[in-house]
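In what follows, a structure is listed as structure tokens, so that the remarks can point back to it.
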Amino acid sequence: MKRNKVLVTGASGFIGSAVHSSLVARGRNVCVATRSPISGSTRRASPGLDADADWSAWVEGCDSIVHAAARVHVMHETAVDPLAEFRRTNVHGTLKLAQDAVRAGVRRFVFISSIKVNGEATTPGRAFKPEDPPAPIDAYGISKSEAERALMELGASTGLEVVVVRPPLVYGPGVKANFLALMRWLKRGIPLPLGAIDNRRTLVALDNLVDLLVTCIDHPAASNRVFLVGDGEDLSTPQLLRRLAAALGVPARLVPVPVSWLEAAAALLGKRAMAQRLCGNLQVDISKARQLLGWTPPVSVDEGLRQTAVHFLHSS
């Protein structure tokens with residue numbers, strides 16, 4: 001009998017839950033490993049993500065895995081050695097899951113990585129490509145890069161089909177962190193000193209990311225490939241804020257403060273990374289997914305922002 005069961009890890013998280021919902025809606029047989037109850041699937045408590053975890057019971061009978069579970073960005077890091085903690089979960093834990101999958105005869109492993117593997121910024125007119133040499137800077141990006149390499153080596157030696165997808169900033173209903181903060185500021189009518197920024201950044205709506213991930217589960221051409229993903233339209237920070245404000249039904253109160261002033265203030269406040277995300281360029285070339293998979297982002301930027309805003313307004 002042909003296997004068709006898909007294991008989704010991290011299925012109670014922002015991305016994993018959306019992947020799970022999409023697969024259930026498409027009639028797929030889904031198994032999830034999570035600490036929170038989820039309807040419409042076979043659910044078991046996660047064995048955790050480290051080198052000692054035993055995934056054999058979860059991967060048995062599965063055809064493919066979408067691996068969304070990870071140690072992600074920690075706003076207030078308390079670990080003495082953050083890189084070691086990221087490696088424990090994102091590298092060693094991921095590799096143990098993949099090794100157990102190989103032993104169970106799983107065909108394909110779809111790994112959600114990060115654009116941070118490519119780096120933190122691009123120069124104007126030069127977008128990141130999947131073939132670029134990895135250039136991660138922070139511990140999270142380094143751990144994702146190392147996990148990619150370990151998975152590809154495992155696939156080459158065992159026949160496991162590995163697919164890597166590197167998303168940039170993901171937004172959508174239920175988004176947290178800085179994107180949520182931007183919506184709150186806009187809704188409150190707080191003037192933002194971001195009107196003079198002239199940059200370009202690629203973002204990806206949650207629905208677009210999920211659509212590519214689901215495509216990668218079965219598409220023959222996805223095997224042993226790395227894909228970058230985005231909305232297909234890059235925005236400046238002021239463009240994003242104006243279009244997000246429109247989705248929220250409020251005016252965008254943007255003050256044209258020189259970028260050099262913003263960067264200087266951010267440096268004094270210890271917020272260089274935030275200034276880079278707001279002022280710098282980070283563009284992603286998604287042509288590989290378009291050409292090899294025939295994939296097109298199904299949701300426009302404005303529709304993605306509308307969905308995000310509607311959820312925010314209904315839940316705030």
Side-chain angles (χ1 to χ4, degrees), residues 14 114-116 118-129 166-212 228-266 271-287 289-290 296-313 316:
F14 178 54
S114 169
I115 198 62
K116 283 177 168 285
N118 286 76
E120 297 290 338
T122 56
T123 55
R126 170 66 169 86
F128 281 138
K129 298 179 183 293
R166 297 177 190 160
L169 187 150
V170 184
Y171 66 96
V175 68
K176 306 294 185 184
N178 292 334
F179 205 96
L180 177 60
L182 286 176
M183 288 194 288
R184 286 173 173 164
W185 294 338
L186 289 168
K187 186 68 170 60
R188 293 170 184 167
I190 297 174
L192 301 174
L194 307 174
I197 298 172
D198 182 18
N199 62 346
R200 290 295 181 273
R201 297 188 74 84
T202 303
L203 289 80
V204 63
L206 182 59
D207 280 355
N208 288 337
L209 173 58
V210 169
D211 190 75
L212 179 59
L228 306 188
V229 61
D231 286 336
E233 180 186 2
D234 298 343
L235 303 176
S236 68
T237 297
Q239 287 173 333
L240 169 63
L241 293 170
R242 291 189 182 100
R243 289 163 75 167
L244 183 55
L248 292 167
V250 297
R253 305 181 187 280
L254 304 182
V255 181
V257 174
V259 171
S260 59
W261 294 12
L262 294 175
E263 292 174 339
K271 301 290 186 180
R272 289 182 184 272
M274 179 178 289
Q276 169 59 40
R277 288 191 290 271
L278 289 171
C279 303
N281 294 282
L282 196 157
Q283 292 180 274
V284 169
D285 184 345
I286 65 172
S287 61
R290 290 183 185 273
T296 300
V299 173
S300 68
V301 170
D302 288 321
E303 175 58 20
L305 293 176
R306 186 196 68 79
Q307 294 175 5
T308 307
V310 167
H311 183 276
F312 167 76
L313 293 171
S316 61

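As the structure is a prediction and not an experimental result, all values here were calculated from the model.
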Original post:
Once you round to the nearest 0.5 Å, how far does CD1 of Ile115 lie from CG of Leu228?
Top reply: 4.5 Å

**OP:** Considering non-hydrogen atoms only, spot the tightest contact between Ile286 and Gly230 and give its length.
**Re:** CG2-N, 3.3 Å

Original post:
For Arg201, what residues pass the side-chain hydrogen bond (donor to acceptor under 3.5 Å, both in side chains) criterion, not counting sequence neighbours?
Top reply: none

**OP:** Search all heavy atoms of Leu305 against all heavy atoms of Ala247 and return the closest pair with its distance.
**Re:** O-CB, 3.8 Å

Subject >> Steps toward side chain to side chain contact (heavy atoms under 4.5 Å, CB included) verdict (Leu169, Arg277) >> reply: CA-CA 10 Å; Leu169 187 150; Arg277 288 191 290 271; 5.8 Å; no

Original post:
Would Val175 and Val170 satisfy side chain to side chain contact (heavy atoms under 4.5 Å, CB included), going step by step from the backbone distance to the final call?
Top reply: CA-CA 8 Å; Val175 68; Val170 184; over 6 Å; no

Original post:
With Glu303, which residues qualify under side-chain hydrogen bond (donor to acceptor under 3.5 Å, both in side chains), at least two apart?
Top reply: Arg306, Gln307

Subject >> Within-4.5 Å side-chain heavy-atom neighbours: Val229 and Pro168 >> reply: yes

Subject >> Test side-chain contact (heavy atoms from CB on, under 4.5 Å) applied to Asn281 - qualifying residues, sequence neighbours left out >> reply: Thr122, Pro124, Asn199, Arg200

Original post:
Got a sec, which pairs hit salt bridge (charged side-chain N to carboxylate O under 4.0 Å, His left out) with one end in residues 241-260, sequence neighbours left out?
Top reply: Glu233-Arg243, Arg243-Asp302

Original post:
If every non-hydrogen atom of Gln276 is compared with every non-hydrogen atom of Ala121, which pair is closest and at what distance?
Top reply: NE2-CB, 3.2 Å

Original post:
For the residue pair Leu212 and Ala289, what are the closest heavy atoms and their distance?
Top reply: CD1-CB, 4.2 Å

Subject >> Heavy-atom pair of closest approach, residues Gly304 and Ala205 >> reply: CA-CB, 4.3 Å

**OP:** For Arg272, check side-chain contact (heavy atoms from CB on, under 4.5 Å) against everything at least two apart and list the hits.
**Re:** Ala267

**OP:** Check salt bridge (Lys or Arg N to Asp or Glu O under 4.0 Å) between Asp234 and all other residues, then give those that pass, not counting sequence neighbours.
**Re:** none

**OP:** State whether the side chain of Asp231 and the backbone N or O of Pro297 hold a donor-acceptor pair below 3.5 Å, judged by distance alone.
**Re:** no

Original post:
Okay, side chain of Asn208, backbone of Val299: is any donor-acceptor separation there less than 3.5 Å?
Top reply: yes

Subject >> Rounded distance (nearest 0.5 Å) linking atom CG of Leu278 with atom CG of Leu241 >> reply: 8.0 Å

Subject >> Nearest-0.5 Å distance, OG of residue Ser236 to CG of residue Asp198 >> reply: 7.0 Å

Subject >> For Glu263, all residues meeting side-chain hydrogen bond (donor to acceptor under 3.5 Å, both in side chains), sequence neighbours excluded >> reply: none

Subject >> side-chain hydrogen bond (donor to acceptor under 3.5 Å, both in side chains) against Asp211, all qualifying residues, sequence neighbours excluded >> reply: Arg26, Trp295

Subject >> Atom pair CD/CG of Gln283 and Leu235 - distance to nearest 0.5 Å >> reply: 10.5 Å

**OP:** Quick one: list whatever passes ring-ring contact (aromatic ring centres under 6.0 Å, His included) with Phe179, sequence neighbours left out.
**Re:** Tyr171

Subject >> side-chain contact (heavy atoms from CB on, under 4.5 Å) partners of Val257, counting only residues at least two apart >> reply: Pro193, Val255, Trp261, Leu262

Original post:
How many angstroms lie between atom CG of Leu192 and atom CG of Leu182, to the nearest 0.5 angstrom?
Top reply: 7.5 Å

Original post:
Roughly how far apart are Leu186 CG and Leu248 CG, rounded to 0.5 Å?
Top reply: 6.0 Å

Subject >> Exercise: identify the closest heavy-atom pair between Ala266 and Ala275 >> reply: CB-CB, 3.5 Å

**OP:** Could you tell me which residues satisfy salt bridge (Lys or Arg N to Asp or Glu O under 4.0 Å) with Lys187, sequence neighbours excluded, listed by chain and number?
**Re:** none

Subject >> side-chain contact (heavy atoms from CB on, under 4.5 Å) partners of Ala196, counting only residues at least two apart >> reply: Pro256

